[in-house]
Amino acid sequence: MLKERRQGSKGNITSFRERGWILLFILTTLAAGLLGPAGPRPAGANEAPVIDGNTATYSGNQQPDPITQNNTSIYTINVQNLTTNVGSPSTGTAISLTNTGADGSGANSQALSLTYTGGTNSLLGQNYGAYVNTTGGTGKSDGGAGGAGGTNNSGVVTGVTISTSGAIQVSGIGIGGFSYGGAGGVGKEESSGHATGGTGGAGGSVQITNNGPITTTSTGNSHGIYAQSLGGGGGTGGEADASGTQGGGGTGGAGGAGGSVTVTNNAAINTGTYLGAYGINAMSNGGSGGQGGEGKNGPQSNGGDGGNGGKGGAVTVNCNAAINTAGLALAINAASNGGDGGSGGGNSGNEGTSDNGTGGDGGGSGLVSVNVVPGITLTGGIAAASIAGSGGTGSEGKNYGGGGGNGGASGGVQVNCQGNIDLSTNICNINGIWAQSVSGAGGAGGNAAGSGESYGGDGGNGGAGAATTVNCSGSITISGDYLHGILAQSWGGAGGAGGNAGHNPGSAGLSGAGGDVTVKLGGSIQTVGLSSYGILAQSIGGNGGEGGWSLALGLSGYATETFTNNVSVAIGGPGGSGATGNLVQVTNSGAIYTSGNQASGIYAQSMAGNDQAGNVTVTLNDPSSTATPGNIIANGLGSSGIVAQSLGKNGSGTIDITINQPRANAGPVQGGHSGTVTNTDGTTTTYNAYGVLIMDGQNNTLTNHGALSTLDATNGTAVMVQASYGAPAWGDLTISNYGTITGSVNQGAAESTPMTNGSNLSLPTGHSTITFKNYAGSTYNAGPIINLGGGHPDQQRRFVPGHRAVDPHRQLHPDRHRHLPDHGQRGRQHRPVERLGDGPVGRHPAGAERHGPL
């Protein structure tokens with residue numbers, strides 16, 4: 001019996017264990033069905049995030065539903081260690097976190113932040129992978145101020161913070177962070193007038209740090225990272241219906257300021273599917289000023305003044321990983337834009353004392369910085385721009401026109417690119433690096449249409465451009481016509497035109513000065529295309545009012561949302577004074593190679609209106625540099641190695657070109673070929689190439705320690721000196737040769753007949769003076785022309801008018817130097833400034849462009 005009971009007991013134990021394992025299997029299976037990634041989950045299996053105070057957290061291996069929060073109590077969403085996708089193409093944005101202040105009261109929105117640590121698979125959504133937005137409320141209709149786009153508990157604008165480390169793959173935009181200020185309310189109509197429009201709210205700061213790979217597809221705006229801070233627009237001033245009383249329209253509200261925007265990218269971004277899909281798009285925009293209110297019916301019903309535009313904030317992009325747009329879009333677009341001033345309000349007063357409203361001032365723009373680390377490649381260009389807002393237009397009146405507002409001052413631009421830019425397949429016509437500081441134009445004064453004594457409004461003044469700096473130590477390869485390896489510019493704003501009047505027209509506004517432009521190349525640039533320069537650097541003073549000579553540079557853009565404005569530069573016209581162009585400095589210790597026709601290696605230019613142009617300095621191979629010596633080779637018809645110009649109606653700056661040669665046979669400067677081609681219509685065009693082309697300037701110098709020539713060797717022109725229409729005088733030149741110069745030394749012939757469309761636009765008479773100093777150990781292999789324009793070889797130096805070595809003690813008598821006819825080498829097709837007659841006129845480089853407001 002005992003034995004049987006033991007056996008029975010054993011059997012009972014076996015039965016219990018079997019039942020336990022079965023129960024454990026059921027529980028494990030159930031848990032796996034609820035939590036595990038294997039297989040589709042049953043409906044309703046998703047769980048809400050764990051909420052702790054202001055934080056919502058999703059974690060584990062469960063697939064959460066797309067997260068959408070519009071609750072001021074939720075400030076942070078943590079998505080941690082997911083092993084499956086979030087969202088799907090059918091569910092829209094994967095993670096959305098938004099906050100909006102109440103409209104009608106101008107309430108502020110709360111600051112928001114999102115942290116996504118991700119998992120092994122992608123964050124997947126249809127419109128955005130991750131989207132965070134703070135928007136202030138709209139001001140009341142009685143002129144209340146708009147709310148700020150994101151504030152902390154202290155009322156300080158803080159905006160949006162996003163940090164990601166998981167992979168993002170999305171049919172839309174990878175990461176979007178936005179902070180918008182609310183619009184100011186419209187001033188209400190009052191019989192006594194002066195109901196001011198509300199001030200726009202400030203945009204909050206936006207900060208995005210990405211540590212995970214991003215891949216986007218779909219439409220043309222499928223950017224990898226899109227960050228924007230936008231100030232709200234000012235409200236329109238209230239109207240004044242002041243019949244029988246004195247009253248005027250209200251002043252328009254000021255636009256809100258844009259907040260700072262910072263994007264740091266530490267992982268690869270791929271948007272190479274559609275045109276216009278930027279890798280990184282970072283912008284800060286000030287809001288536009290509100291329009292002045294209209295004054296109606298009263299005997300002194302003045303129009304209200306326009307509100308001032310808001311200032312754009314600082315924008316910084318730090319790129320530490322590769323970006324691929326396949327040449328379909330910019331790899332990086334960074335821009336700060338000031339808001340335009342509002343236009344003045346009109347009036348319908350019946351008395352001569354009724355005035356029109358003055359335009360508001362344009363908002364300034366902030367500092368823009370782009371930094372690219374070594375060892376990465378961008379298959380897309382870099383655009384960095386700080387563009388100030390324009391002044392508002394004064395409104396038209398019966399007896400008094402309103403004055404135009406002043407243009408805003410632009411901020412500085414800094415690009416430091418140590419990585420490589422590959423645009424060998426350039427589908428979207430993108431420059432390698434495009435850096436611009438562009439100040440705002442003054443608004444036009446309003447016209448006075450009355451038949452009695454009337455006064456036109458004065459034009460507003462243009463703002464001043466700030467410094468633009470580009471430092472490139474990587475390689476740039478670019479293909480396409482009128483596209484440049486590096487385009488660096490600082491433009492002063494044009495003065496506004498004065499308003500018309502029957503008796504007393506308004507005065508034109510003053511223009512703003514261009515800022516300093518500095519370009520340093522330590523890497524390499526290779527361009528393929530017509531008029532595609534290696535480096536184009538310009539400092540341009542704005543047009544003074546209605547200038548008589550305007551050089552318009554039209555531009556169509558990269559995409560429909562950007563770059564659609566035109567620029568005009570006036571030299572010496574009547575009206576307001578033009579402003580100075582400032583220093584342009586280009587230093588090259590790298591390699592520049594251009595292979596298109598009329599494609600110069602370096603083009604450096606400082607231009608002014610009725611004022612003084614700045615100095616221009618071009619240096620090849622700084623003597624202190626220990627890097628591999630740089631060179632410049634322009635390989636097309638009509639292409640020059642170096643072109644430098646300084647031109648101002650009231651005086652030009654000094655042009656200094658230095659060609660260093662750290663060691664023998666290193667660092668040449670070589671222009672292309674000259675020649676004549678037959679066009680399709682049977683006409684012919686002559687292209688002239690130069691080793692160095694110097695235009696205008698004063699007390700210019702060319703110091704050569706290297707090898708200077710063209711591909712035509714002794715049949716070419718090594719050095720050409722030329723004057724432009726509107727130049728105050730021919731710039732004298734001193735050539736100091738310590739190396740080898742091969743080819744003619746020449747200057748363009750003076751124009752015998754002045755221009756017919758303006759007496760102030762003729763060429764200066766006579767010639768410049770060229771002094772040629774050939775130092776011991778140097779060689780000059782002379783070409784067919786040695787035209788020194790009244791100058792002479794220095795008799796204490798070797799001047800060799802042939803192809804042979806000469807005894808260092810041998811001297812050339814002044815009467816024996818060769819001063820031959822021009823033979824037509826007057827630069828008729830390679831012209832640095834638009835040619836307005838038959839003389840040797842330059843033009844602004846083809847393809848010089850303005851990066852317009854975004």
Side-chain angles (χ1 to χ4, degrees), residues 431-436 468 470 472 476 478 481-491 514 517-521 525-527 529-540 551 553 569 581 583-588 590 592-607 613-620 630 632-636 638-647 653 655-657 659 669-672 687-697 700 702 710 719-722 724 827 829-835 841-850:
N431 294 297
I433 296 175
W434 192 354
Q436 284 189 322
T468 298
V470 176
C472 176
I476 299 176
I478 186 167
D481 295 341
Y482 306 104
L483 303 174
H484 315 299
I486 296 174
L487 174 57
Q489 299 168 314
S490 180
W491 295 75
V517 175
T518 302
V519 178
K520 295 182 179 180
L521 175 67
I525 296 176
Q526 181 174 347
T527 71
L530 174 66
S531 295
S532 295
Y533 306 126
I535 296 173
L536 172 56
Q538 297 174 304
S539 176
I540 308 293
L551 303 178
L553 305 178
V569 179
L583 173 69
V584 175
Q585 185 173 14
V586 178
T587 302
N588 174 39
I592 298 177
Y593 182 88
T594 67
S595 59
N597 293 341
Q598 296 181 290
S600 297
I602 293 175
Y603 198 118
Q605 182 183 58
S606 179
M607 297 189 72
N615 296 336
V616 174
T617 302
V618 178
T619 303
L620 177 65
I632 301 172
I633 299 177
N635 198 34
S639 299
S640 297
I642 297 173
V643 180
Q645 181 182 32
S646 177
L647 174 60
I655 299 173
D656 295 305
I657 300 175
I659 302 169
V669 174
Q670 192 171 59
Y687 296 91
N688 290 311
Y690 310 110
V692 169
L693 172 61
I694 295 176
M695 292 184 294
D696 312 307
N700 306 320
L702 169 60
T710 69
V719 181
M720 170 62 82
V721 179
Q722 185 169 293
S724 300
Q829 292 304 319
H830 186 75
R831 300 182 294 269
V833 184
E834 183 62 46
R835 193 161 172 226
V841 181
R843 67 173 168 86
H844 279 296
E849 301 147 336
R850 172 176 175 172

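- Distance CD1/Ile525 to CG/Asn588: 7.5 Å, rounded to 0.5 Å.
- Atoms NE2 and OG, from His484 and Ser532 in turn, are 6.5 Å apart once rounded to the nearest 0.5 Å.
- Using a distance-only test at 3.5 Å, with no hydrogens or angles considered, no donor-acceptor pair links the side chain of Ser646 to the main chain of Gly697.
- Gln645 has its side chain out of reach of Leu693: every pair of non-hydrogen atoms, C-beta onward, lies at least 4.5 Å apart.
- Partner Ile694 forms a side chain to side chain contact (heavy atoms under 4.5 Å, CB included) with one of Ile642, Val643, Ile657 and no other, that one being Ile657.
- Ala604 is linked by a side-chain contact (heavy atoms from CB on, under 4.5 Å) to Val584, Val586, Val616, Val618, counting only residues two or more places apart in sequence or in another chain.
- The two residues Ser639 and Ala599 come nearest to each other via the heavy atoms OG-N, 2.8 Å.
- Counting only heavy atoms from C-beta outward, the side chains of Cys472 and Ile486 approach each other to under 4.5 Å.
- Panel note: side chain Thr468, backbone Gln489; a donor-acceptor pair is recorded below 3.5 Å.
- Among the candidates Thr587, Leu620, Ile592, Ile602, the single residue satisfying the side chain to side chain contact (heavy atoms under 4.5 Å, CB included) test with Leu521 is Ile592.
- Scanning both residues, Gly601 and Thr594, for their nearest heavy atoms gives CA-CG2, 4.3 Å.
- Looking at Ser600, its side chain never comes within 3.5 Å of a backbone N or O of Ala634 through a donor-acceptor pair.
- Remark: Asp656 pairs with Thr701 by the side-chain hydrogen bond (donor to acceptor under 3.5 Å, both in side chains) rule, at least two apart or across chains.
- Separation of atoms CD (Gln670) and CG (Asn635) is listed at 8.0 Å; rounding is to 0.5 Å.
- Between Val470 and Ala488 the shortest heavy-atom distance is CG2-CB, 4.1 Å.
- Heavy atoms only, all atoms of each residue included: Ile632 and Gly641 are closest at CG2-O, 3.4 Å.
- Looking at residues two or more places apart in sequence or on another chain, you find a side-chain contact (heavy atoms from CB on, under 4.5 Å) between Leu530 and Asp481, Tyr482, Asn597, Gln598.
- The side-chain contact (heavy atoms from CB on, under 4.5 Å) test applied to Thr710 returns Asp712, not counting sequence neighbours.
- Considering every non-hydrogen atom in both Ser724 and Leu647, the closest pair reads CB-CD2, 3.9 Å.
- Atom CG of Leu583 sits about 8.0 Å away from atom OG of Ser539, to the nearest 0.5 Å.
- Taking CD1 of Ile540 as the reference point, atom OG of Ser606 lies at 7.0 Å (rounded to 0.5 Å).
- A distance of 10.5 Å separates NZ in Lys520 from OG1 in Thr619, rounded to the nearest 0.5 Å.
- A donor-acceptor contact shorter than 3.5 Å links the side chain of Ser595 to the backbone of Thr527.
- Using cut-offs of 30° and 60° on the angle between ring planes, the pair Tyr533 and Tyr603 is tilted.
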